[in-house]
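Here's the structure we're looking at; comments come further down.
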Amino acid sequence: MYPDARRHLISGDRKKFYDSSDWQHVRAQVLELDHHQCQRCRDEGRYTRADRVHHINEAMARPELALSIWYVGGDGEQRRNLISLCPRCHEAVHGHKFILTKPKPPLTVERW
């Protein structure tokens, strides 16, 4: 299943993988499964809209799982491999600082 998209990861081309229709299809499934809600915020009792899908098992390290929503852990239990996250949580999970930027002002008074 999805051999072409995984091939991009194996060759080191993340952009082609994330641009692939295979990834876009799985990504949409995950967001729908999670009702577009950040799973990390949800676990902390907050609602935040998610627009990112995070690999629990990093895609480059485990390309065979890159398009799998679920995986079986070492204990035999089924676990989520792909989860929905908001931008802030996704950056935090990857150890980056999330910096809020002010929106750019409109080009004209008419806001166009």
For His36, check side-chain contact (heavy atoms from CB on, under 4.5 Å) against everything at least two apart and list the hits.
Leu31, Arg49
Sequence-distant partners of [X], side chain to side chain donor-acceptor pair (under 3.5 Å), two or more places apart:
X	result
Asp51	none
Asp34	Arg80, Ser84
Arg42	Gln39

Tell me the closest heavy-atom pair linking Gln37 and Ala50, and the distance in Å.
C-CB, 3.7 Å
Set of residues satisfying salt bridge (charged side-chain N to carboxylate O under 4.0 Å, His left out) with respect to Asp19, sequence neighbours excluded
Lys15
Taking only residues two or more places apart in sequence, or in another chain, which ones meet Glu44 in a salt bridge (charged side-chain N to carboxylate O under 4.0 Å, His left out)?
Arg46
Can you pull out every salt bridge (Lys or Arg N to Asp or Glu O under 4.0 Å) where at least one residue sits in residues 66-75? Sequence neighbours excluded, please.
Asp75-Arg79
Under the salt bridge (Lys or Arg N to Asp or Glu O under 4.0 Å) rule, what pairs show up with a residue in residues 53-74, not counting sequence neighbours?
Arg14-Glu58, Arg62-Glu64
Partners passing ring pair (Phe, Tyr, Trp, His ring centres under 6.0 Å) against Tyr71 (at least two apart in sequence or in another chain)
none
Sorted by chain and residue number, the ring pair (Phe, Tyr, Trp, His ring centres under 6.0 Å) partners of His54 (sequence neighbours excluded) come out as His90, His94
Should the pair His55 and Phe17 be assigned to parallel (<30°), tilted (30 to 60°) or perpendicular (>60°) ring geometry?
tilted
Side-chain cluster (under 4.5 Å, hydrophobic types only) that Val72 belongs to, other residues
none
